[in-house]
Amino acid sequence: MSSNSNGKQRSHKAEMLLERFGKKLNRQVAGSLVACVHCGLCTDSCHYVQTNPGDVTYAPAYKADRLRKIFKRHHDWTGRVFPWWVGAKSVFTDEDLEELKDISFGKCTNCRRCTINCPMGVDFATFNRMLRGMLVSVGVMPEGVAVVSKDQWEIGNQMGVLKEDYIDTIEWMSEEMQIELDDETAVIPIDKENADVVYSINPREVKYDPRTISDAAKIFHLAGENWTMPSEGWDMTNFGLFSGDDDLGGAVSGMLYDKVVELKGKKLVISECGHGYRSTRCEGPNWAKRDVPFEMESSVITMLRFIKEGRIKVDKSRNPEPITFHDSCNNARSCGLFEEPRELLNLVCEDFREMYPNRVEGYCCTGGGGAMSMSEYSGRRLKSAKVKADQLKATGAKIVATSCHNCVDGLSDCIKHYDVGMEVTQLVNLVANALIIPEKPVIVPVEKEAEKVVAEAAKLAGKRVLIVDDEPDILTFFSTVLEDNGAEILTATDGEEAVQIAIKEHIDLVTLDINMPGKDGGWVFEKLRTTKETQTIPICIISGKPELRRLIYERSVPAPDGYLDKPVDEDMLLRNVRKIIELAERGELASISTS
Amino acid sequence: MISHEAMHLAESLAHYALIVMALVYILRIRWFLGFVAGKERQAPTGAADTNPKRGSNYSLAIIAMPWVMESTRTKPFLYLQFVLFHLGVVAGITLSFTIPFAAEFTALPIVQIIFKSLIGAAFVVGVIRIIRRIGNIYMRAISTPDDHFALWLLTAWFGFAYFAVSMDGGMAQYIYFWMTMFFLLYVPFSKISHYLYYPFTRHYFGKSMGRRGVYPIRRGPAAS
Ligand code: SF4
Ligand code: SF4
């Protein structure tokens, strides 16, 4: 504690926060802090206000005033001389800082919708981010923010994906592509120098959604692109945007820029992620305080270019269902990326429908601003998602596409919570689905093909696979496919039975559904990973409910060895099962070596 | 009837107050410019037909384009209030010059009608705004004593200005000049000085949004 001018005691943290504030202020922020006329025009542009009628603490100007009061008290002399008159107020205690934390992290997704609706040009979202950064710098932040920031500082990506897991996934996707395209040259090049395109991704793709990597790879390959993925510095997401920590922001984007320079890449293509695009493409050079000597582009623009230049051919009839588009706030409102996704959707989908309002006026998915990592505010987040749910329902679409991984999670939660009955997808999946793959006039000698089949079947011969699923059709289908390829099958229809079998029998692989009556897949997964007899058994999650992924990945045990989204076809099942067993035999499964 | 000398003193003080206001404004701007402007290093994004300059110009003009922002588009009555209120301020200030320096012009019936309509409408808007600021729970929560006082002050000033238009040299006109003086002295210390910052905030925000291809706003062909 130290005393202040009024003789009031101020905590060390509060003192430090005020000191940081002075250092962080620039003219743009000072302008936004002095210019508000309290006209209230921004009030109902905020999704939190719309879903919490009467609760004034959600009003943008009310939230903005929390920092404005401090500004007036310490930086504007009218507030120094007549604090009460102009509403100036300082912070003194750690409780005051907690209150600021609750507002800046828990009641705003920094979506900038109020900003765009303010006649005075007050950019609340920007100074709210600054407030977050000030709080983070004195150690006041939601736990999730601390954990993710730590991962990004220490491991270099915000989901703590280890280099071997990343490389493993890329190689795996590469092999899948080779098999799918039946083309040995169809590989994902890693660390290739002088590539025209260096492709950076979101760690969520490695952890939850590797299909987006293989889909993108397929598109690059078929377009004949000279491309590569970096082995390090590949994470284009940046938690610095959410935590307000410019140092983290600069360090993360700097790693990416350095890698592209090291590889002598000509262009950095950023996969579909709103905050990643904004951080890497727009804010990164400011945070890192450096000019970037190469071009940067969203993969949406890259895919659109490939189609327009005739480098890939698409057939929109392959995406026949009614589809709508959700604009990520960071893409649309902060980076002007809203026409290209629409152009692309119209090229690859038969029935594209607008959602209103859209583009720069669209509503946040409610998972923005790092909200998905702050579980303490999940209740508020889901309540505010009602606005998005109503927007989605009004479109009558069956699928909502978005160009952001964060929005995929935010929308999935919203859809589930409000029972909207929609699927969420990304543009890369739709483009890959619409791809016309050129026929290959290659004739494989019959004996060679037969040898290949025998060799593939041999990989499963005698292997014992435990299939855990409560749906009889799935059990039958998986059993038949795997048995036909030489595997020995055991089945379980509920969690406890599955664990008992795994403990008693020798098992080479478990395929595990998440959503089951009684003990769910998450419980089984953790039990298998933590029981001595079963902890080295490879596990492949096969689920039709992507929104339940967190039941698996949020556990503090090694991640599963494979993840498949239902429906799964015969090829996909076999490829993945074989691959996991092969890696396990070579002792190359990251989960097993870390367990 | 107020004596000619007293009225003259009130008029002169109002004009001196204007000079004081200008001086304080210069200090305010100096203070504001003391904050270093943040630098944008990013290469342009978004539509190719825009740039920081265009974004800045658009941003500065946004106040005259109520159809652009959802907040003004969907609340035309509030926008109309804004227009009338600010026209009233301009008329009220102009009146403080036309009464002493262009009395014959001010006495013209058409001029009287224009002044009275603008200032009268602004007075009505002031009353509506007072009701909104007190009655609306959100407005109450964000209002400081300065916000309330500034609104009451201006509304009362409109009231006296309305009667001062008739040039009768009476009490209303006398109070109007004293109020003008007080108002001009108070302005630079209150939220009323917002227009001083408006060009800066709108310029910087517009410049950034122009570089990022967000300004001018595009709403798409079928937006509702
Ligand atoms: S932020 Fe803008 S719209 Fe909101 S109350 Fe302040 S001036 Fe009005
Ligand atoms: S930035 Fe978005 S969430 Fe935050 S107050 Fe403004 S509208 Fe609400």
Side-chain angles (χ1 to χ4, degrees), chain A residues 25-32 34-43 45 49 54 56-57 59 61-62 65 77-78 84-87 115-123 281-286 289-292 295-296 332-339 342 354 356-361, chain B residues 31-33 35-43 45-47 50 59 62-63 69-72 75 78 82 132-133 136-147 149 189-191 193-194 196-198 200-206 208-209 211-215 217-220 222-224:
Chain A
L25 269 172
N26 65 22
R27 199 178 297 157
Q28 283 88 337
V29 169
S32 282
V34 284
C36 177
V37 288
H38 289 150
C39 68
L41 269 181
C42 55
T43 304
S45 44
V49 174
V56 296
T57 64
Y62 180 90
D65 276 356
W77 65 267
T78 50
W84 170 78
W85 189 247
V86 295
T115 298
I116 214 91
N117 276 300
C118 169
M120 292 298 294
V122 171
D123 191 356
R281 174 76 170 77
C282 301
E283 315 289 358
N286 300 330
K289 297 188 179 67
R290 60 193 267 190
D291 295 317
V292 178
E295 258 186 76
M296 292 190 269
R333 232 178 333 261
S334 284
C335 300
L337 182 67
F338 40 77
E339 294 306 344
R342 288 174 168 77
E354 273 299 0
Y356 296 104
N358 54 50
R359 295 174 172 83
V360 298
E361 291 187 348
Chain B
W31 164 78
F32 181 67
L33 294 179
F35 294 102
V36 178
K39 188 180 167 193
E40 277 251 50
R41 292 170 194 264
Q42 67 141 125
T45 49
T50 185
S59 178
I62 218 162
I63 203 67
M69 288 186 296
E70 183 192 80
S71 56
T72 44
K75 299 180 193 85
L78 283 185
F82 153 79
R132 180 168 174 256
R133 199 165 279 283
N136 180 303
I137 183 173
Y138 294 103
M139 293 301 290
R140 221 165 39 229
I142 58 174
S143 299
T144 62
D146 175 39
D147 291 320
F149 180 72
F189 305 105
S190 83
K191 64 88 72 90
S193 57
H194 59 275
L196 200 61
Y197 305 109
Y198 176 87
F200 292 100
T201 49
R202 291 257 49 127
H203 163 72
Y204 284 119
F205 186 64
S208 173
M209 292 294 104
R211 183 187 291 272
R212 294 178 183 205
V214 177
Y215 273 2
I217 289 176
R218 291 156 182 80
R219 288 175 52 225
S224 58

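If you're wondering where the values come from, they're calculated on a predicted model, not measured in any experiment. Order of the sequence lines sets the chain letters (A, B, ...), proteins ahead of strands, with each chain counted from 1. The figures here come from the full heavy-atom set of this structure, side chains too, leaving out hydrogens, waters and symmetry mates.
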Practice item. List the steps and the verdict of side chain to side chain contact (heavy atoms under 4.5 Å, CB included) for B:Met69 and A:Leu41. Key: CA-CA 10 Å; B:Met69 288 186 296; A:Leu41 269 181; over 6 Å; no
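- Both the backbone and the side chain of B:Phe35 come within less than 4.5 Å of a heavy atom of chain A.
- Heavy atoms of A:Asp123 lying under 4.5 Å from chain B belong exclusively to its side chain.
- Within the 4.5 angstrom heavy-atom criterion, atoms from both the backbone and the side chain of A:Arg281 approach chain B.
- Contact annotation for A:Ser334: both backbone and side-chain heavy atoms come within less than 4.5 Å of a heavy atom of chain B.
- At least one donor-acceptor pair closer than 3.5 Å links the side chain of A:Gln28 to the backbone N or O of B:Gly38.
- For a residue to count as touching a neighbouring chain, one of its non-hydrogen atoms must lie under 4.5 Å from one of that chain's; by this rule B:Lys75 touches chain A with the side chain only.
- Of all the listed residues (A:Ala59, A:Gly336, A:Cys282), the one sharing the greatest number of non-hydrogen pairs under 4.5 Å with chain B is A:Cys282.
- One distance of note links CG of A:Leu337 with CZ of A:Arg342; it measures 9.5 Å at 0.5 Å rounding.
- Contact check on B:Asp146 versus B:Lys191 returns no salt bridge, with no Lys/Arg side-chain nitrogen under 4.0 Å from an Asp/Glu carboxylate oxygen.
- In terms of heavy-atom pairs under 4.5 angstrom with chain A, the leader among B:His203, B:Met209, B:Gln42 is B:Gln42.
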Exercise for review: Any chance you could lay out the ring-ring contact (aromatic ring centres under 6.0 Å, His included) test for B:Phe189 and A:Trp85, step after step, and finish with the verdict?
Suggested key: CA-CA 11 Å; B:Phe189 305 105; A:Trp85 189 247; over 10 Å; no
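- No other option in A:Val49, A:Val37, A:Thr78, A:Val360 has as many heavy-atom pairs under 4.5 Å with chain B as A:Val37.
- Contact of A:Cys118 with chain B is made through the backbone alone, with heavy-atom distances under 4.5 Å.
- For B:Leu33, the parts lying under 4.5 angstrom from a heavy atom of chain A are both the backbone and the side chain.
- For B:Tyr215, the part sitting under 4.5 Å from any heavy atom of chain A is the side chain, from C-beta outward, and nothing else.
- Between chain A and the options B:Thr72, B:Asn136, B:Asp147, the largest number of non-hydrogen pairs under 4.5 Å is found for B:Asp147.
- Among the candidates A:Gly40, A:Cys36, A:Cys335, A:Ser45, the residue making the largest number of heavy-atom pairs closer than 4.5 Å to chain B is A:Cys335.
- In this structure, B:Ala141 and A:Tyr62 approach most closely via the heavy-atom pair O-CD1, 3.9 Å.
- Only the side chain of A:Trp77 comes within less than 4.5 Å of a heavy atom of chain B; its backbone N, CA, C and O stay farther away.
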Check your understanding: Can you check side chain to side chain contact (heavy atoms under 4.5 Å, CB included) on B:Ile63 and B:Tyr198, steps first, answer last?
Key -> CA-CA 10 Å; B:Ile63 203 67; B:Tyr198 176 87; 3.2 Å; yes
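- Residue A:Cys42 does not touch chain B at all, counting heavy-atom pairs closer than 4.5 Å.
- No side-chain donor-acceptor contact under 3.5 Å links B:Thr201 to the backbone of A:Val122.
- The closest side-chain donor-acceptor pair between B:Glu40 and B:Ser208 falls under 3.5 angstrom.
- For a residue to count as touching a neighbouring chain, one of its non-hydrogen atoms must lie under 4.5 Å from one of that chain's; by this rule B:Ile142 touches chain A with backbone and side chain alike.
- Nearest heavy-atom pair across A:Val292 and A:Pro285 is CG2-CG, 3.9 Å.
- For B:Ser59, no part lies near chain A; criterion is any non-hydrogen pair under 4.5 Å.
- With a threshold of 4.5 angstrom between heavy atoms, B:Arg140 does not approach chain A through any atom at all.
- With a 4.5 angstrom heavy-atom cutoff, B:Ile137 touches chain A via backbone and side-chain atoms both.
- Scanning both residues, B:Tyr204 and B:Ala37, for their nearest heavy atoms gives OH-CB, 3.9 Å.
- Heavy atoms of B:Arg133 lying under 4.5 Å from chain A belong exclusively to its side chain.
- Panel note: side chain B:Arg41, backbone A:Gly284; no donor-acceptor pair is recorded below 3.5 Å.
- Chain B forms more heavy-atom pairs under 4.5 Å with one residue of A:Ile116, A:Asn117, A:Asn26, A:Val56 than with any other, namely A:Asn117.
- Among the candidates A:Ala332, A:Gly54, A:Ser32, A:Gly87, the residue making the largest number of heavy-atom pairs closer than 4.5 Å to chain B is A:Gly54.
- When all heavy atoms are compared, the tightest approach of A:Glu354 to A:Arg359 is OE2-NH1, 3.4 Å.
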